[in-house]
Each structure stands twice: as C-alpha cells, then as structure tokens.
Amino acid sequence: MIFRRIRSFAVFAFVLALAGAAGLIAQTISLTVDATRTQQKLLHAHLVMPVKPGNLTIYYPKWIPGEHGPDGPIANLTGLKFEAEGKTIPWQRDLLDAFTFHLEIPEGVRHLDADYDYIEPDGFSATDKLMVLEWNDVMLYPAETPAEKLTYEAKLLMPNGWKLGSSLPVKSQSGNQVSFKPISLDMLVDSPVITGEFYRSIDITPPGEPIHHEIDIVADSEAALNMSPANQKQMTNLVAESGKLFGARHYRDYHFLLTLSEHVAHFGLEHHESNDSRLPERALLLPSAGMSLGGLL
C-alpha cells in the first residue's frame with residue numbers, strides 16, 4: 001500500500017511537472033518585424049518570450065529551408081540585446097556554437113524582451129521597391145522544445161503603401177502593420193512573405209476546385225506585373241492538372257509567391273503552402289514567359 005502511494009505520488013508529481021512545463025511552453029511568443037527600413041537593407045526585430053528564472057538557452061536557426069548544411073545567416077544578425085523588467089540581461093555566446101546564446105533569468109522575471117537587427121545581404125532578398133521576408137532570418141527560439149510545439153504570433157511593419165502576399169492567415173491589418181494568426185514555429189519558418197510597392201494577386205483557382213490557389217507577385221516596376229491572360233490560363237490549368245494527378249490537396253490553400261527583380265537572387269524554393277520563386281523583372285513581358293513560369297513555378 002505504501003509503495004503504491006509513493007508510486008502514485010511520483011506519477012502525480014511528474015504529471016504536475018509536465019503540466020508546469022507545458023504551461024510555460026504553451027504561452028505564445030510575440031515577434032514583431034519592422035521592415036520600414038528595407039531600402040537600407042535593415043530589418044529590426046522585437047521578440048517577447050515567456051520565461052522562468054534560471055538558465056535559459058536560446059537558438060538562432062542553423063538549419064533552414066532549402067539549404068544543405070547548417071548555414072543559417074548568423075553573420076547578418078547584429079545589435080542583439082536582452083531586457084526584462086526594464087533591466088539589461090547579460091548574455092554569452094556558446095564557445096562551440098555561434099548560433100547558441102546563454103542567459104541567466106533573474107527571480108521574478110516572467111517575460112524576456114529581445115531586440116536585434118538583421119542586415120539583408122546585397123542582391124539577395126530586398127530592393128528599394130520590394131522584399132522577401134524569410135522568418136528564419138529574424139527568428140530566435142528557446143532550446144529543448146520542438147519547433148512544432150512553439151507558438152508564435154508574428155507582426156510585420158511594412159513601408160507605407162506596400163502590400164503583401166503570403167500563405168499565413170492574417171489576423172488583422174491596420175495601415176502598414178499586419179498581424180498574423182498564431183502559428184507553430186515550424187510553419188512560420190515555412191511561410192515566407194513577399195511585400196512591395198508594386199503588388200498584384202491573381203486568382204488561379206480552377207472552376208469547381210474547393211481549395212483556393214493564387215499567384216502573388218511583387219516587382220520593381222508596375223509594368224512588370226502584367227501577366228498575360230494566356231499565362232494565367234496556363235497556371236490555372238497547372239493547378240487543375242496537379243489535382244487530377246495527385247487526387248488530393250495537403251494544404252489549406254496555396255500561394256505561388258513570385259518576385260520579379262534584377263536585384264534579388266533568382267531561384268525557386270518550395271514551402272508547404274507556398275513557394276518562393278524569383279525571376280528577372282521583365283520575365284512576364286517576354287515571349288518566353290510561359291516557359292519561365294512552367295519551368296519554375
């Protein structure tokens with residue numbers, strides 16, 4: 001009887017410990033990205049993370065979508081500062097891993113604020129007129145918790161007049177600020193955003209298709225957005241044919257994200273509910289537009 005009570009108490013204590021950890025983990029992490037200085041190739045991030053007193057290890061993403069090695073752009077992260085209750089929290093970089101930061105959270109602190117900047121590499125994802133936001137570039141996250149169990153509520157501040165395209169569900173929008181619905185860390189990193197002064201959305205959902213499909217385009221000029229009706233029909237046919245071929249859709253909806261510029265890296269990267277495709281600025285205006293779209297998207 002005593003053994004059973006001890007065992008029951010141990011199980012109960014273990015469940016309580018798990019519940020306490022889960023309660024901490026289940027709290028949403030807030031991430032606000034200020035992209036209003038995109039023209040200067042600078043993104044500012046403000047992150048608020050629930051914490052508890054004691055040792056805390058924080059990561060910057062090392063393994064990122066589309067890469068074949070642990071080469072997240074840690075060298076572009078700068079100005080890192082942690083605060084809590086109005087006081088600076090010192091941090092140390094791990095001696096063996098540049099992507100890892102160690103902190104000691106004081107008693108009584110329940111939320112940690114982090115501020116840092118990300119310097120956009122020249123000629124990669126941003127111009128004076130547009131930007132592709134890859135969330136892993138501006139992300140910090142606590143160690144020892146699987147990415148799918150961390151919930152983030154992300155906000156984006158854009159330059160005035162800019163619009164955006166993304167597979168992320170929008171919670172609200174006011175002026176140049178967009179708030180997205182809470183989402184797991186792995187899905188957030190898998191959901192890039194394109195934003196720009198010159199933006200166009202084209203519905204390519206085939207008749208009778210229950211799931212929405214669209215092409216979101218940003219370009220360095222308004223004229224570059226002019227996808228021909230013939231190319232739109234080809235893309236609609238692509239969606240219809242893929243449905244016939246595979247017989248199922250494994251996403252809520254799908255966004256072809258297309259960036260048109262001479263001043264970004266050109267490639268295609270597949271994500272769960274969108275892609276990140278980039279072509280020269282005038283790609284849609286050339287006779288070869290159908291070939292370019294078909295070969296990449």
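Everything numeric in this text was worked out from a predicted model, so none of it was measured. Each residue takes its place number in the sequence, starting with 1.
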**Any donor-acceptor pair under 3.5 Å from Asp190 side chain to His272 backbone** = yes

**Prompt:** For the side chain of Ser166 and the backbone of Pro192, is there at least one donor-acceptor N/O pair under 3.5 Å apart?
**Reply:** yes

**Prompt:** When rounded to the nearest 0.5 angstrom, what is the spacing between NE2 in His111 and CG in Leu47?
**Reply:** 11.0 Å

**Item:** Criterion side chain to side chain donor-acceptor pair (under 3.5 Å) on His102 and Asn55, from CA distance to verdict
**Value:** CA-CA 7 Å; His102 300 290; Asn55 296 324; over 6 Å; no

**Asked** Can you check whether Phe99 and Tyr59 have ring centres sitting under 6.0 Å from each other?
**Response** no

**Between His213 and Tyr251: side-chain donor-acceptor atoms closer than 3.5 Å** = yes

**Message:** Would Ser167 and Arg252 count as a side chain to side chain donor-acceptor pair (under 3.5 Å) here? Give the steps.
**Reply:** CA-CA 9 Å; Ser167 62; Arg252 297 168 297 185; 5.5 Å; no

**Request:** Give a yes or no answer on whether the side chain of Asp115 reaches the backbone of His46 with a donor-acceptor pair at less than 3.5 Å.
**Result:** no

**Message:** Closer than 3.5 angstrom, by distance alone: can the side chain of Arg278 be matched with the main-chain N or O of Thr259 as a donor-acceptor pair?
**Reply:** no

**Prompt:** Considering the options Asn275, Ile211, Val239, which one meets the side chain to side chain contact (heavy atoms under 4.5 Å, CB included) requirement together with Tyr254?
**Reply:** Asn275

**Asked** So, the side chain of Gln232 versus the backbone of Met227: is there a donor-acceptor pair under 3.5 Å, distance only?
**Response** yes

**Request:** Please check if any side-chain donor atom of Asn237 sits under 3.5 Å from a side-chain acceptor atom of Gln234, or the reverse.
**Result:** no

**Item:** Polar contact flag, side-chain donor to acceptor under 3.5 angstrom, Ser221-Glu281
**Value:** yes

**Message:** Regarding Thr78 and Asp117, do their side chains bring together a donor and an acceptor under 3.5 Å, going by distance alone?
**Reply:** no

**Prompt:** Are Leu42 and Leu80 in one and the same hydrophobic cluster, where Ile, Leu, Val, Met, Phe, Trp and Tyr link if side-chain heavy atoms are under 4.5 Å apart?
**Reply:** no

